[in-house]
Peer 1: 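The following block contains the structure, expressed as C-alpha cells.
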2 protein chains.
Amino acid sequence: MRVVVRRTGLNASLLRAWERRYAAVEPGRSDGGQRLYSDHDVQKLVLLRDLVGAGHNISQVADLDMGELRLLLRRDGRGDVGDGTPAPTADDDFIEARPRARLHPESTASSHLAACMAAMHAMDPRALEASLNRAAMGLSPVDLVDQVLVPLLTRIGLLWSRGEVRPATEHVASAVVRRFLDWLLETLSPRTPAPLMLVGTPAGHRHEFGSLLAAVVVAVEGWDVLNVGPDLPATEIAAAAETKNARMVALSAIHPGDDPHLPGELRALRRELPDDVDVVIGGPAAARHADALRDVGVEYLPSLEDLRSLSRNGFLAWTRSRNGDGAGPDSVNWPQDT
Amino acid sequence: MRVVVRRTGLNASLLRAWERRYAAVEPGRSDGGQRLYSDHDVQKLVLLRDLVGAGHNISQVADLDMGELRLLLRRDGRGDVGDGTPAPTADDDFIEARPRARLHPESTASSHLAACMAAMHAMDPRALEASLNRAAMGLSPVDLVDQVLVPLLTRIGLLWSRGEVRPATEHVASAVVRRFLDWLLETLSPRTPAPLMLVGTPAGHRHEFGSLLAAVVVAVEGWDVLNVGPDLPATEIAAAAETKNARMVALSAIHPGDDPHLPGELRALRRELPDDVDVVIGGPAAARHADALRDVGVEYLPSLEDLRSLSRNGFLAWTRSRNGDGAGPDSVNWPQDT
DNA sequence: ACATCCTGCACAGACCCTGTACAATTCCTC
DNA sequence: GAGGAATTGTACAGGGTCTGTGCAGGATGT
C-alpha cells in the first residue's frame with residue numbers, strides 16, 4: 001500500500017475511495033485482509049491519475065481498461081480524427097471524450113518539436129526521450145506522427161545532409177527516435193486478432209525510419225505489424241511474408257534516390273507473393289519509379305496519409321470478410337464522439 | 001552469523017524472524033545446528049533490506065527470487081532520498097566464500113537461451129522479447145550478459161554467416177535484441193552522478209552489438225553511458241567526448257576483420273582527446289592490431305570481463321577522487337523513513 | 001569456560017482496514 | 001442565477017494485522 005501511494009502519488013484514502021466507489025482497481029487481499037496491488041493495478045492507477053489530472057472525471061474513466069485509457073490519454077490533445085483502433089470495448093457505452101480540450105494541437109505539437117530539436121542539439125538522449133514521451137502523452141497518435149515525428153526526422157535529415165549537425169549528434173538522436181518508434185509500435189499494436197502487415201525496406205536501402213513510421217501508422221489502424229528491418233532482398237521479404245501469412249507488405253525507399261534496381265526488385269517480390277497480398281511502397285526513391293512500379297503491380301503511396309486510408313480500408317475489409325457478413329456486434333468500430 | 005549481521009546491517013533476531021516467518025532465506029546448518037549462510041543468501045538479504053527500506057513489506061517480497069528483487073529495486077528506485085544513518089561500517093569484511101551448491105545458474109541460463117533461439121527461428125518477435133524479459137528477471141545482469149546475450153548473438157551471427165538462417169529472420173531477431181539492450185541500458189543506468197563513458201564503433205564498423213553490450217557492462221559497474229552509435233569517424237567521437245566531458249571511451253570493432261584503417265583512426269582519436277581520457281577497444285577486428293593499438297595508446301581488451309574489471313576500477317577511482325578521501329564508495333542507506 | 005548461537009515466546013508500535021462524516025466543487029433544475 | 005443534488009477529495013476513530021525486537025533457557029564451539 002505504501003509503495004503504491006509512493007509510486008502513484010495518490011492519497012491512500014483516495015485509493016480506497018476509488019476502489020470502493022468506482023471499482024477502479026480490485027487488488028487482491030492478504031490473509032489478514034491487506035490490499036495486494038499488482039503491477040497491473042499500479043499502471044492503471046497511474047493512467048487514471050494522469051487522466052483525472054487532464055480533466056476527466058473518475059466516474060467515467062474508472063471502469064475502462066488499460067488500452068482504452070492509454071488511447072484516451074493520447075488523443076486528449078483534441079484530434080478526434082477517427083483513429084480506428086480496434087479497442088476491445090465489449091460494452092456499448094462509448095467513451096465520451098469530453099471536449100475539455102484546451103491547448104491548440106499545432107502549438108503544442110510545435111512546442112514538442114522544438115523541445116525535441118533542442119534536446120538533440122544538446123546531445124542529451126534522456127531529454128530527447130522525455131520530450132518524445134511528453135509529446136506522446138499530449139497528442140493523438142496521428143498528430144504525433146504527422147506533426148512531431150515526421151518533421152523531426154525531416155529536419156534532422158536536412159541538417160545532416162547540409163553538414164549543419166555533427167554526425168555523432170545525429171547518431172545519438174536517431175538511436176533515441178528509433179527506440180521510441182519501436183516502443184510506440186509496441187504499445188499501439190493490437191492485442192486482438194488482426195491482419196498482419198509486413199514492413200521493411202528493399203535491398204540497398206538502409207534508412208529504416210520510413211518503414212518504422214509506416215509500421216506505426218498501420219498499427220494505429222488496427223493492423224498487426226512485423227518489421228523485418230532494412231535492406232532486405234525481395235526473396236527474403238517474400239519468404240517472411242509467406243511464413244507469417246502476411247496480408248500486405250509496405251516498403252519504404254528513401255536514400256539512394258536514384259536506385260535503378262528498385263523496379264526489378266519489386267517485380268521479383270510481386271512475382272513471389274500470392275496475388276491477394278498487396279504490396280505498397282513509399283518514399284522519395286520510390287517516387288521516381290512510380291509509373292514503373294504501378295506497371296509491376298506495386299502501388300506507390302506519396303504520403304503517409306495515403307497509407308493510412310489504404311490500410312484502414314484494408315482492415316475493414318478484413319474484419320468484414322472475417323465476420324462473415326455485416327459488421328459483428330462487438331467489432332472494431334471505435335465510437336466517434338459526436 | 002555475525003558476519004552476516006555485519007554485512008547486511010540487520011539485527012540477528014530479524015534474520016531469524018525473516019527466515020521463520022517468510023522463508024526469505026534457508027541457510028544450511030552445521031552439524032550442531034548453526035546457520036551457514038551462503039553468498040547467495042547474503043546477496044538476497046541485502047536486496048531485501050533495500051527493498052524493505054524502500055517501503056515494501058517483507059511478506060510480499062520475501063519469496064521472490066533474486067532477479068525479481070533486483071528488477072523491483074530498480075523500477076521504483078528513482079527518488080530515493082534519505083541517507084540517514086551511515087550504514088553499518090561494512091568495510092574490512094571478508095565474507096567466507098562458501099561455494100555451496102550454486103543453484104544451477106547455467107542450467108537456467110541455457111534454458112533461457114534455448115527459448116530465445118526457438119523464438120528467433122519462429123520469427124516471433126513478441127516471443128523473443130518475452131524470453132529475454134524472463135531471462136532478465138531470473139538472472140543477474142552479469143549472468144544475463146555473459147550467459148544469454150553474448151551466446152545468443154554469437155549463435156545468430158554464426159548461423160547467419162553460414163547461411164543457415166534467413167536474413168529476414170536474423171533482421172527481426174536483431175531488432176528485438178537491440179531494443180532489449182537499449183532498454184536494459186536504460187534501466188541499469190545510474191540515477192546518481194556518475195562518470196560518463198562513451199561507447200560506439202569506429203568508422204567503417206557497422207556492427208553495433210559489441211558496443212551495446214559494452215554499454216550494458218559498464219552501466220552495471222555504475223557508469224553513466226552515452227552510446228554515440230556505429231560507424232563514426234575519430235573526429236566525431238572526440239568531439240562528442242569533449243562536449244559531454246566523458247571520462248573514458250570504449251569502442252567495438254567486429255566485422256571488417258582486417259580493417260587496415262583501424263590503427264590510424266584510433267591514433268587520430270587518441271590525439272584529439274585529453275590524456276586523462278582512457279580509450280579502450282574490443283572485438284575481433286581490434287584483436288589483429290592489438291600491438292599497434294597499444295603503441296598508439298589505446299588498450300585492447302580481449303573480453304567483456306576485462307572491460308568489466310577495468311571500468312570497475314575506473315569507477316572506484318572516480319568516487320575516491322570525488323569524495324576527497326576515504327568515505328566508503330558504496331555508502332548504503334539503510335533504515336530511513338519519513 | 002566463555003562467548004556465541006539456537007528455539008520459542010511475547011509484545012509494542014507502526015501500519016492498514018472499515019465505516020462514516022464532511023467540505024469543496026460541479027451539475028442540474030426551477 | 002439561486003438553491004438543491006451529486007461528485008469527489010480528505011479526515012478520523014476503533015479495531016485488526018504486520019513486523020522488529022527483546023528475553024529465558026539450553027546447545028555449540030573453540
Side-chain angles (χ1 to χ4, degrees), chain A residues 1-38 41-42 45-64 93 96 98-100 102, chain B residues 1-38 41-42 45-64 82 84-85 87-88 93 96 98 333-338:
Chain A
M1 178 56 144
R2 180 177 18 186
V3 182
V4 176
V5 168
R6 227 171 30 109
R7 285 186 56 188
T8 62
L10 297 170
N11 192 316
S13 304
L14 186 53
L15 290 181
R16 287 189 273 261
W18 282 5
E19 178 184 339
R20 183 184 54 239
R21 303 207 262 239
Y22 320 105
V25 293
E26 292 179 350
R29 297 306 184 104
S30 76
D31 296 339
Q34 322 249 132
R35 277 165 246 263
L36 298 177
Y37 289 91
S38 74
D41 291 333
V42 176
L45 286 171
V46 169
L47 287 173
L48 287 177
R49 147 166 72 76
D50 293 345
L51 234 33
V52 168
H56 291 81
N57 14 11
I58 344 298
S59 50
Q60 298 181 42
V61 294
D63 59 344
L64 302 178
D93 63 344
E96 188 197 344
R98 352 189 86 257
R100 184 164 300 217
R102 45 284 178 72
Chain B
M1 179 57 149
R2 175 172 45 225
V3 181
V4 177
V5 169
R6 264 200 220 291
R7 294 257 330 149
T8 63
L10 297 171
N11 191 314
S13 303
L14 186 53
L15 291 181
R16 287 189 274 263
W18 282 4
E19 179 184 338
R20 173 169 30 94
R21 302 208 263 239
Y22 319 106
V25 293
E26 291 179 348
R29 297 307 183 103
S30 75
D31 296 339
Q34 318 263 113
R35 288 173 175 78
L36 299 176
Y37 288 92
S38 73
D41 290 334
V42 176
L45 287 171
V46 169
L47 288 173
L48 286 178
R49 133 161 88 67
D50 292 344
L51 230 32
V52 169
H56 288 84
N57 341 19
I58 344 296
S59 51
Q60 294 173 53
V61 294
D63 59 345
L64 302 178
T85 55
D93 231 11
E96 317 171 23
R98 200 177 297 277
N333 30 12
W334 173 217
Q336 124 275 17
D337 223 348
T338 306

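Naming convention: chains lettered A, B, ... in sequence-line order (proteins, then strands); numbering from 1 in each chain. Excluded from the calculations below are hydrogen atoms, water molecules and symmetry mates; all remaining heavy atoms, backbone and side chain alike, are included. From a predicted model like this one, the values you see are computed outputs, not experimental measurements.
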Peer 1: Starting the side chain at C-beta, find the nucleotide from C:dC6, D:dG9, D:dT7 nearest to A:Ser59.
Peer 2: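 That would be D:dT7.
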
Peer 1: Report the distance from atom CD of A:Glu19 to atom P of D:dG9, rounded to the nearest whole Å.
Peer 2: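 So the two atoms are 15 Å apart, to the nearest Å.
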
Peer 1: Side chain of A:Arg35: nearest nucleotide among D:dT21, D:dG29, C:dC17?
Peer 2: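 So the nucleotide nearest the side chain must be C:dC17.
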
Peer 1: Once rounded to the nearest 0.5 Å, what's the spacing between atom OG1 of A:Thr8 and atom CG of A:Leu47?
Peer 2: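 If I round to the nearest 0.5 Å, the distance is 12.0 Å.
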
Peer 1: Counting only side-chain heavy atoms from C-beta out, which of C:dC5, C:dC15, D:dG20 sits nearest to A:Arg2?
Peer 2: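 The answer is C:dC15, which lies nearest to the side chain.
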
Peer 1: Give a yes/no answer on whether the side chain of A:Tyr22 brings an N or O atom under 4.0 Å of OP1 or OP2 in D:dT8.
Peer 2: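 Looking at the OP1 and OP2 atoms of D:dT8, one of them is under 4.0 Å from a side-chain N or O of A:Tyr22.
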
Peer 1: Go through D:dT19, D:dT21, D:dT28 for me and flag the one nearest to the B:Gln34 side chain.
Peer 2: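 It is D:dT28.
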
Peer 1: How long is the line joining OH of B:Tyr37 and P of C:dC6, in whole Å?
Peer 2: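 After rounding, the reported distance stands at 7 Å.
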
Peer 1: C:dG19 base to A:Arg20 side chain: any donor-acceptor pair below 3.5 Å?
Peer 2: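 Not at all, since no donor on one side and acceptor on the other fall under 3.5 Å apart.
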
Peer 1: Round to a whole Å and report the spacing from CG of B:Leu36 to C1' of C:dT4.
Peer 2: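 Rounding to the nearest Å, CG of B:Leu36 and C1' of C:dT4 are 14 Å apart.
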
Peer 1: Using five pairs at either end of the helix from C:dA1-D:dT30 to C:dC30-D:dG1, determine the angle between the two local helix axes and round it to 10 degrees.
Peer 2: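 End axes: 30° apart.
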
Peer 1: How far does CD of B:Gln60 sit from CE of A:Met1, to the nearest 0.5 angstrom?
Peer 2: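 One finds 11.5 Å between CD of B:Gln60 and CE of A:Met1.
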
Peer 1: Given atom CZ of B:Arg21 and atom P of D:dG20, what is their separation to the nearest angstrom?
Peer 2: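 These atoms are roughly 7 Å apart.
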
Peer 1: Working to the nearest 0.5 angstrom, can you tell me the gap between B:His56 NE2 and B:Asp50 CG?
Peer 2: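 Answer for the NE2-CG pair, B:His56 versus B:Asp50, is 12.0 Å.
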
Peer 1: Once rounded to the nearest 0.5 Å, what's the spacing between atom CH2 of B:Trp18 and atom CD1 of B:Ile58?
Peer 2: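 That separation rounds to 4.5 Å.
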
Peer 1: At what distance, to the nearest 0.5 angstrom, does CZ of B:Arg16 lie from CG of B:Leu10?
Peer 2: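 These two atoms lie 12.5 Å from each other.
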
Peer 1: Rounded to whole Å, how long is the line connecting atom CG of A:Leu14 with atom P of C:dA21?
Peer 2: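 Going from A:Leu14 (CG) to C:dA21 (P), I get 20 Å.
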
Peer 1: Less than 4.0 angstrom between a side-chain N/O of B:Arg29 and OP1 or OP2 of C:dT7, yes or no?
Peer 2: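 So the side-chain polar atoms of B:Arg29 do come within 4.0 Å of the phosphate oxygens OP1 or OP2 of C:dT7, strictly under.
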
Peer 1: Just compare D:dG29, D:dG20, D:dT10 and give me whichever is closest to any side-chain atom of B:Val52.
Peer 2: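 Minimum distance to the B:Val52 side chain belongs to D:dG20.
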
Peer 1: Between A:Asn11 and D:dA11, is there a side-chain N or O to OP1/OP2 distance below 4.0 Å?
Peer 2: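 For D:dA11, OP1/OP2 do have a side-chain N/O of A:Asn11 under 4.0 Å.
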
Peer 1: So which one's nearest nucleotide on DNA chain C is more toward 5', B:Gly32 or A:Met1?
Peer 2: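 Comparing both residues, the 5'-ward one is B:Gly32.
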
Peer 1: Could you check which of D:dG16, D:dG9, D:dG29 has an atom nearest any side-chain atom of A:Trp18?
Peer 2: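 Shortest atom-to-atom distance from the side chain points to D:dG9.
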
Peer 1: Quick check: on DNA chain D, is the nucleotide nearest A:Asp31 upstream (toward 5') of the one nearest A:Ile58, or the reverse? Name the residue that is more 5'.
Peer 2: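 Result: A:Ile58.
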
Peer 1: Just compare D:dT10, C:dC17, C:dC15 and give me whichever is closest to any side-chain atom of A:Arg16.
Peer 2: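 Nucleotide nearest to A:Arg16's side chain: C:dC17.
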
Peer 1: Starting from P on C:dT4, measure out to CG on B:Leu15 and report it in whole angstrom.
Peer 2: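 It is 16 Å, rounded to the nearest whole Å.
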
Peer 1: Just to confirm, is there a sub-4.0 Å distance from OP1 or OP2 of D:dC18 to any side-chain nitrogen or oxygen of A:Ser30?
Peer 2: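 The answer is yes; a side-chain N or O of A:Ser30 sits under 4.0 Å from OP1 or OP2.
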
Peer 1: If you compare all heavy atoms of B:Ala62 against all heavy atoms of B:Tyr22, which two are closest, and at what distance to 0.1 Å?
Peer 2: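 Distance-wise, the nearest heavy atoms are CB-CB, 3.5 Å.
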
Peer 1: How long is the straight-line distance from CZ of B:Arg29 back to CD of B:Gln34, given to the nearest 0.5 Å?
Peer 2: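 With rounding to 0.5 Å, CD (B:Gln34) is 8.5 Å from CZ (B:Arg29).
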
Peer 1: Report the residue from A:Val25, A:Leu45, A:Val46 that forms a side-chain contact (heavy atoms from CB on, under 4.5 Å) with A:Val4.
Peer 2: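 Among A:Val25, A:Leu45, A:Val46, the one that satisfies the side-chain contact (heavy atoms from CB on, under 4.5 Å) with A:Val4 is A:Leu45.
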
